[in-house]
Structures are given as structure tokens and as C-alpha cells.
Amino acid sequence: MMDFFPVELLRLVFDYCDGATTRTLRLVSSRLADVGYEYLLPPHFAAVEWKDDVKRLHSIATHERLRGSIRSVTFNFSKVDEYNARHASFFQHWLQEPEERSVVLQDAWIEYYDLEERSRNLPPFHSRSAMVEDSFKRLPNLKELEITYTKCPYDIEVLREVFLVRNCRKRDRAQACKNMNAIVSAVRHVRLSSLTIDQLPLEIFKLADERRHWFDCARSFASLSKLDLVLDSPNSLFPAARARAINGLGHVLQFSPNLTHLSLGVHTYHAPMEKFNLSFYELLGDFTYEKLTDLRLEGISCGEEDLRAFLVRHGRTLERLRLGGRGLAKPYENSIGGVHLHEGTFRSLFASLQGGAKLPKLQRFHLEGDMEAGDFMTSSREMYKFHAVSDDNWADVPKTRRHPRRTIDCLALERYLLHGGAYPKLATAAEAGE
């Protein structure tokens, strides 16, 4: 009976089917098999290093009918720091009975070593850059790309738990740069709308040979509407090298004039509480994103005037602003991804922006993490610790979640920034008697 349905209706049916149902439905008739062919693959492709996903992606890309199915790709290069992860996993399961704990941890690590043995039998990712590049050339509908070093690549609950702890994730900066260059060399063949990288070594922008890969992607980056970058700052970067890296990063950011969503953060793994000193003028000059509606900044230290100028320059379109985030905080720690002002004060900054005159389109404002401003040696130094009231997608944080003591929310400041009035008294929950 379904053979007589219009193709559009059959496609609608397949839209509501999961993978197993799709395969079963295609067995009903030759017409359903033909219409359902393009639904065999999910639109998102996730690649990990312990499977030969590079070859699998290439096989899909060279298949005449299946290559159009792929719309987004995630490359997961995350690695486990075994020493720290073993200790963390033991204490995370401390309350279990010893026999039960032993079985759970032993099974998890046996499975992990099995997967790692598989990955050692595969060639390094960067050595297969030609195959990755050829795959990208042949994926006509690829629009979203994510590169992650912080998400657990294993379907193992014990490791998913320890991956939330920063020092349980292994970091190899040289290998990360090689992998990143291999992917970016392929990106020039596609027109992306979204790019997310959660651990991008900053030094990749300081050397001419490595910057060239990024500069070759100017046409590809021009189509981006969403860019989410978390920079990984090295232990030491001499002033000249730092200036070249910031200059290179600034050029890459300016290749994307059509951004509507920009998230820029810096994580300093060698000193998680540190903030990266950044000048928006040095980074972007007077460049303006004419369509920017959403902006998020995390883990940086800047000047009040510099930050104000950057925000006001985007006031015509900016609708949602987030300052700060979780940073590299462990699951049980307060957020430490705040923004610091090494010149000026937050009170002066917010007073100059409040009421809607400078940011007329602003609808939402959020602060999270450690916010500090002013001279360390003066009693007037501002120091606040904000807990999140919404997630990165602006969904409310459940009220059942217990907020850490000595932290405050930003709701009063949000009202002040949007509607004006008297500057709010910023008291912690403990001080307010909650």
C-alpha cells in the first residue's frame, strides 16, 4: 500500500525512523528501499582514533548516494592520562563495596586497553591527511565541523566520569598541531557554517608554515555563521612569538565577517586560575562583525576601555552576551573561567553600558566564574564569584542544583544592564542569609 504514497510522504515517514526501523522498512519493497537509501546513515559522523574512521569516512564520501547524507563531522582526539585517571576513578568509586569497586574498575580498564591496542594498529591521523582532504572534497553537504580534545571518546562510564577532571586528559601539543593542520588543509574544500574547536594550541598561529594552512581557508571561513574557539595557551610564549600568534589568530577571525555567534575562550592548563592577557584592538583592530547576535568570552584579562569599545562596536546587533564560564574547573569546584579587568572596574563598565543606549538590542546577559578588577594592592579591588543561572544555550540551570557557597548570581546585574536604575548590591548567598 505504501508503494502508492508520494515520495514526499515516504520521506516524511523515514524522517521519524531510527536506524534499525529504517533498515527494516527498506525491506518491505523496492520503492521503499530506494527512497530510504539516503536515510541509512545519520547526518552526523563521529570519528575516534581507536576505529579506522578515516577510511570509513572516505568510503562514505566516495559513495555516490551516501555522501550527501553527511552534514556534520566530529573528530575526537581525546586521550586518557592513565596515571591521574586511575587515581581519580578509584576515589570516584570510593563509596562502593571493595569487591564491587574492583570489578567495575577492572572491567573498565580492560576494555580501555583493548581499544587502545586497536588504535596502535592504525596509522597516525596526520599521516592520512590526503585521504581526509579527498573525503572533504566529496562531501557536498558538510556544513558543521567539531574538533575536540576534552570529550570522552570511549563508551565506558568510568572514563566518562574521569574525563570531567582536567588532569585526567592527556595533552600532546605537537601532535595536536599536526592533526589540526591536516584537518584545516581539508577545510578549504568545503563551505562550513559552524566550526568548534575546544582545545586549539595558540602557538599554531605563530609559525608561517602552519599559519598558511589557516590563511588558505579564507574563502571557507567566509561562510561561517558560528565560531567557537577555546585556545590552549602554552606554558611560555615570548613577546615576539605571542605577538605573531595573536596577529595570526586575528587574521583568521577576520576571515569570518558573517558570524552571528562567536565564542572565544582561553584555557591555561599549566595554571588553571590564570587569565590570558588579551587586547581586542591588537586582535581585531576596528574590525566589526556586522551580523553578530551572540558573544561569549571566557578566561581572558583585558582593559575596561578596550572591552567597552569592542562591545559598543557590536551594539547594533548584539542580543546575547556571556562573560565567563566553567573554565577548567573540576566537577566539584566553583567556575573559574571568569573575565578579569587589569584596567578599570566592572562597575564603571556596566554603568556606561546600562539602560539600552549603547547596547539597544541586548536581551540577555550572563556572568559566570571569577570576576576581578582593579589593583591588587588596593581595598577597592572588585572580586566576585558568579554561579551559572543558564547554560551556554540559555536554558535555565535547574533550581534543584545546589549553588556553591560564597557565590552569587548575575540576575540583578542583568536587569541593571538591560533596564538601568540603581547599581545592584552584589551579595553572596551566605551574606544574604539564604
Side-chain angles (χ1 to χ4, degrees), residues 44 71-77 136 142-151 176-177 179-181 183-202 204-205 210-211 213-233 245-267 276 278-280 282-300 302 307 310-311 313-314 316-327 337 339 366 391-394:
H44 179 69
R71 291 172 171 78
S72 63
V73 172
T74 294
F75 290 106
N76 192 328
F77 298 112
F136 275 40
L142 179 59
K143 298 299 179 184
E144 300 178 9
L145 176 63
E146 179 184 10
I147 305 171
T148 179
Y149 285 86
T150 64
K151 297 178 181 178
C177 289
N179 291 341
M180 209 70 69
N181 288 334
I183 295 175
V184 172
S185 296
V187 166
R188 60 195 174 98
H189 299 291
V190 297
R191 298 293 179 267
L192 296 175
S193 61
S194 174
L195 174 62
T196 301
I197 307 175
D198 62 14
Q199 192 174 304
L200 176 61
L202 179 61
I204 204 170
F205 296 109
E210 295 190 333
R211 292 202 299 183
H213 295 292
W214 295 80
F215 292 175
D216 288 345
C217 294
R219 290 180 56 196
S220 300
F221 290 161
S223 61
L224 285 174
S225 59
K226 179 182 178 183
L227 181 60
D228 187 343
L229 297 180
V230 178
L231 302 170
D232 181 6
S233 177
I246 294 298
N247 176 267
L249 173 62
H251 275 80
V252 171
L253 291 175
Q254 293 178 57
F255 290 155
S256 310
N258 296 309
L259 289 181
T260 58
H261 294 66
L262 173 62
S263 178
L264 185 63
V266 184
H267 289 170
F276 184 80
L278 181 67
S279 165
F280 291 102
E282 289 180 7
L283 182 67
L284 295 169
D286 293 323
F287 180 81
T288 303
Y289 294 104
E290 300 292 345
K291 302 177 182 178
L292 191 67
T293 60
D294 291 69
L295 175 64
R296 180 173 180 266
L297 302 172
E298 177 183 324
I300 64 171
C302 57
L307 179 56
F310 182 70
L311 295 177
R313 199 157 69 239
H314 297 90
R316 290 192 308 107
T317 58
L318 192 61
E319 297 177 2
R320 289 165 289 274
L321 172 61
R322 300 182 73 91
L323 297 181
R326 283 290 295 164
V339 172
H366 189 268
D391 62 21
D392 290 343
N393 296 316
W394 296 99

Undergrad: Do the rings of Phe77 and Phe75 sit parallel, tilted or perpendicular, given the 30° and 60° boundaries?
TA: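 Ring orientation, 0 to 90° scale: parallel.
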Undergrad: Would you compute the distance between atom OG of Ser225 and atom NZ of Lys143 and round it to the nearest 0.5 angstrom?
TA: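 NZ of Lys143 is found 10.5 Å from OG of Ser225.
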Undergrad: State, with a plain yes or no, whether a side-chain heavy atom of Arg211 is found less than 4.5 Å away from one of Asn247.
TA: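 Yes, at least one pair of side-chain atoms sits under 4.5 Å.
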Undergrad: Roughly how far apart are Arg313 CZ and Phe280 CZ, rounded to 0.5 Å?
TA: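 Between atom CZ of Arg313 and atom CZ of Phe280 there are 9.5 Å.
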Undergrad: A side-chain contact here means heavy atoms from C-beta on lying under 4.5 Å apart; do Val190 and Leu145 qualify?
TA: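 Not in contact.
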Undergrad: If you measure from CG on Leu307 to CG on Leu278, what distance do you get to the nearest 0.5 Å?
TA: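 Going from CG on Leu307 over to CG on Leu278, the span is 10.0 Å.
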Undergrad: Please report the interatomic distance CG(Leu224) to NZ(Lys226), rounded to the nearest 0.5 Å.
TA: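 Interatomic distance, Leu224 CG to Lys226 NZ, rounded to 0.5 Å: 11.5 Å.
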Undergrad: Can you name the nearest heavy-atom pair linking Arg191 to Ser223, along with the distance?
TA: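 In this case the closest contact between Arg191 and Ser223 is C-OG, 3.3 Å.
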Undergrad: Show the nearest heavy-atom pair for residues Gly325 and Arg296, with the distance to one decimal.
TA: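 Looking at all heavy atoms of both residues, the closest pair is CA-NH2, 4.0 Å.
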Undergrad: Any side-chain heavy atom of Ile204 within less than 4.5 Å of one from Trp214?
TA: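 In short, these two side chains touch, coming nearer than 4.5 Å.
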Undergrad: What pair of heavy atoms forms the shortest contact from Met180 to Pro201, and how long is it?
TA: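 So the two residues come closest at CE-CD, 4.2 Å.
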Undergrad: Let me see the working for Leu202 and Val266 under side-chain contact (heavy atoms from CB on, under 4.5 Å), right down to the final yes or no.
TA: CA-CA 9 Å; Leu202 179 61; Val266 184; over 6 Å; no
Undergrad: Ignoring hydrogens, what is the shortest heavy-atom contact between His213 and Val184? Give both atom names and the distance.
TA: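 Closest pair (atom of His213, atom of Val184, distance): O-CG1, 3.3 Å.
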Undergrad: Mind checking the OG1-CG spacing from Thr260 to Leu295? Nearest 0.5 Å is all I need.
TA: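 Here the interatomic distance stands at 11.5 Å.
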Undergrad: So do the side chains of Leu253 and Leu227 get within less than 4.5 Å of each other, counting heavy atoms only?
TA: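 Touching, per the 4.5 Å side-chain cut-off.
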Undergrad: If you measure from the Lys or Arg side-chain nitrogens to the Asp or Glu carboxylate oxygens, is any gap between Glu290 and Arg316 under 4.0 Å?
TA: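 Salt bridge: yes.
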Undergrad: Backbone N or O of Tyr289 within a donor-acceptor pair of the His314 side chain at under 3.5 Å?
TA: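 Confirmed, His314 side chain pairs with Tyr289 backbone.
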Undergrad: Rounded at 0.5 Å granularity, tell me how far CG in Leu283 sits from CD1 in Ile300.
TA: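 Answer rounded to 0.5 Å: 9.5 Å.
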Undergrad: Between Leu231 and Phe276, does the side-chain contact (heavy atoms from CB on, under 4.5 Å) criterion hold? Intermediate values first, please.
TA: CA-CA 10 Å; Leu231 302 170; Phe276 184 80; 5.9 Å; no
Undergrad: Examine distances only and state if a side-chain atom of Arg322 and a backbone atom of Asp294 form a donor-acceptor pair shorter than 3.5 Å.
TA: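 Here the side-chain-to-backbone pair does not exist.
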Undergrad: Is the backbone of Leu259 close enough, under 3.5 Å, to the side chain of Ser256 for a donor and an acceptor to pair up by distance?
TA: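 No; zero donor-acceptor contacts below 3.5 Å.
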Undergrad: Decide whether Thr196 and Glu146 meet the rule of one side-chain donor and one side-chain acceptor closer than 3.5 Å.
TA: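 Not at all, the side chains of Thr196 and Glu146 share no donor-acceptor pair under 3.5 Å.
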Undergrad: Any side-chain to backbone donor/acceptor pair from Thr317 onto Thr293? Under 3.5 Å, distance only.
TA: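 Such a contact is absent between Thr317 side chain and Thr293 backbone.
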Undergrad: Can you establish whether the number of heavy atoms outside His261 located under 6.0 Å from its atom NE2 is more than 12?
TA: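 Counting neighbours around NE2 of His261, more than 12 heavy atoms of other residues, nucleotides or ligands fall under 6.0 Å, so yes.
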Undergrad: Should the pair Trp394 and His366 be assigned to parallel (<30°), tilted (30 to 60°) or perpendicular (>60°) ring geometry?
TA: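 Ring orientation, 0 to 90° scale: perpendicular.
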Undergrad: Output yes when a side-chain donor or acceptor of Asn76 lies under 3.5 Å from a complementary backbone atom of Lys151, and no otherwise.
TA: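 Between the backbone of Lys151 and the side chain of Asn76 there is a qualifying donor-acceptor contact (under 3.5 Å).
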Undergrad: Is any side-chain heavy atom of Ser220 less than 4.5 Å from a side-chain heavy atom of Phe255?
TA: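 Ser220 vs Phe255: side chains apart.
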Undergrad: I need the minimum non-hydrogen distance between Cys177 and Glu210, along with the two atoms involved.
TA: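 The answer is CB-OE2, 4.1 Å.
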